[in-house]
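As C-alpha cells, the structure follows; a few thoughts come after it.
Excluded from the calculations below are hydrogen atoms, water molecules and symmetry mates; all remaining heavy atoms, backbone and side chain alike, are included.
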Amino acid sequence: MVPSGNIFREQNIILAPSGEASMPNFYASKVFLGAAAVSARGIFQADAVLVASQRRFLELADEVILLVDSNKFTTSSGGIVCKLDAISTVVTNSSISNADIAMLRDGGINLVITE
C-alpha cells in the first residue's frame, strides 16, 4: 500500500499535506526512528519534511524506538520532532557519555548500548 501525497525523493518518503484525509491511518506497535541530533530538549531532524513525517508516525505507534549513533548526542540540528518523553527506548553505541546515559535514564527511557 502506498499513501497518497507528494514524493520527496531526497528523503525517500511520500507525505500527504498535514491533516490530509487521504493519508491512511496506519497502526504500528513499534516504530523505529533515526535522528540528526538528540538532547535534553528532544529529538531533532535537519529537514522539515522528515520532522513532519516522523511526527505523524509518533501518533500511530505504541512504542517508539530511537536508533542513533552516540555522536548524535554531541550535535545540534534544526527542527524538534518530539520531546524525550515520547521515546520508549534508545539504541546507541558504547561511546555514549555518562552524562547522556544519565539524561536518558532520568527521563525513564530504556537504554540499549551496543558494541
Side-chain angles (χ1 to χ4, degrees):
M1 181 185 327
V2 178
S4 65
N6 298 322
I7 297 173
F8 295 90
R9 294 185 193 283
E10 193 171 306
Q11 298 89 351
N12 293 314
I13 61 173
I14 299 172
L15 186 62
S18 182
E20 173 74 33
S22 64
M23 180 72 173
N25 286 323
F26 294 110
Y27 163 75
S29 60
K30 295 178 184 177
V31 66
F32 296 86
L33 299 178
V38 181
S39 78
R41 292 184 178 193
I43 308 308
F44 294 80
Q45 283 292 1
D47 188 297
V49 173
L50 290 176
V51 170
S53 174
Q54 287 186 341
R55 282 182 181 169
R56 283 184 161 175
F57 282 112
L58 289 172
E59 296 171 6
L60 305 172
D62 291 334
E63 182 179 0
V64 180
I65 301 167
L66 184 67
L67 308 170
V68 290
D69 186 88
S70 63
N71 68 12
K72 302 298 183 185
F73 292 89
T74 62
T75 219
S76 60
S77 191
I80 297 176
V81 174
C82 64
K83 293 184 178 184
L84 282 180
D85 63 2
I87 304 300
S88 306
T89 301
V90 171
V91 179
T92 192
N93 62 305
S94 60
S95 297
I96 186 171
S97 72
N98 288 333
D100 291 326
I101 290 172
M103 172 186 66
L104 295 172
R105 291 195 172 144
D106 289 348
I109 298 168
N110 181 39
L111 179 60
V112 177
I113 299 175
T114 64
E115 292 302 317

OG/Ser88 to NZ/Lys30 distance, rounded to the nearest 0.5 angstrom?
->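 So the OG of Ser88 and the NZ of Lys30 are separated by 9.5 Å.
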Which value, rounded to the nearest 0.5 Å, describes the distance between Ile43 atom CD1 and Ser77 atom OG?
->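 The CD1 atom of Ile43 sits 11.5 Å away from the OG atom of Ser77.
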Verify the cluster assignment for Val112 and Phe32: are they in a single hydrophobic cluster under the rule of side-chain heavy atoms below 4.5 Å apart?
->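 Same hydrophobic cluster.
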Indicate if Ile113 and Ile87 have the same hydrophobic cluster label, given that clusters are the connected sets of ILVMFWY residues with side-chain heavy-atom separations under 4.5 angstrom.
->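 Yes, because Ile113 and Ile87 connect within a single hydrophobic cluster, where side-chain heavy atoms sit under 4.5 Å apart.
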List the atom pairs, donor and acceptor, that lie under 3.5 Å between side-chain atoms in residues 94-110 and the rest of the protein, sequence neighbours left out.
residue: Ser97; atom: OG; partner: Asp100; partner atom: N; Å: 3.1
residue: Ser97; atom: OG; partner: Asp100; partner atom: OD2; Å: 3.0
residue: Asn110; atom: ND2; partner: Thr89; partner atom: OG1; Å: 3.4

Could you tabulate the donor-acceptor pairs under 3.5 Å formed by side-chain atoms of residues 60-70, not counting sequence neighbours?
residue: Asp62; atom: OD2; partner: Tyr27; partner atom: OH; Å: 2.4
residue: Asp69; atom: OD2; partner: Asn71; partner atom: N; Å: 3.0
residue: Asp69; atom: OD2; partner: Asn71; partner atom: ND2; Å: 3.4
residue: Ser70; atom: OG; partner: Asn93; partner atom: OD1; Å: 3.1
residue: Ser70; atom: OG; partner: Asn93; partner atom: ND2; Å: 3.3

Output all residues satisfying side-chain contact (heavy atoms from CB on, under 4.5 Å) with Val51, sequence neighbours left out; order by chain, then residue number.
->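 With neighbours one apart ignored, the set is Gln45, Arg55, Val81.
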Who else is in the cluster with Phe44 when I, L, V, M, F, W and Y are joined by side-chain contacts under 4.5 Å?
->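 Besides Phe44, the hydrophobic cluster comprises Ile80, listed by chain and residue number.
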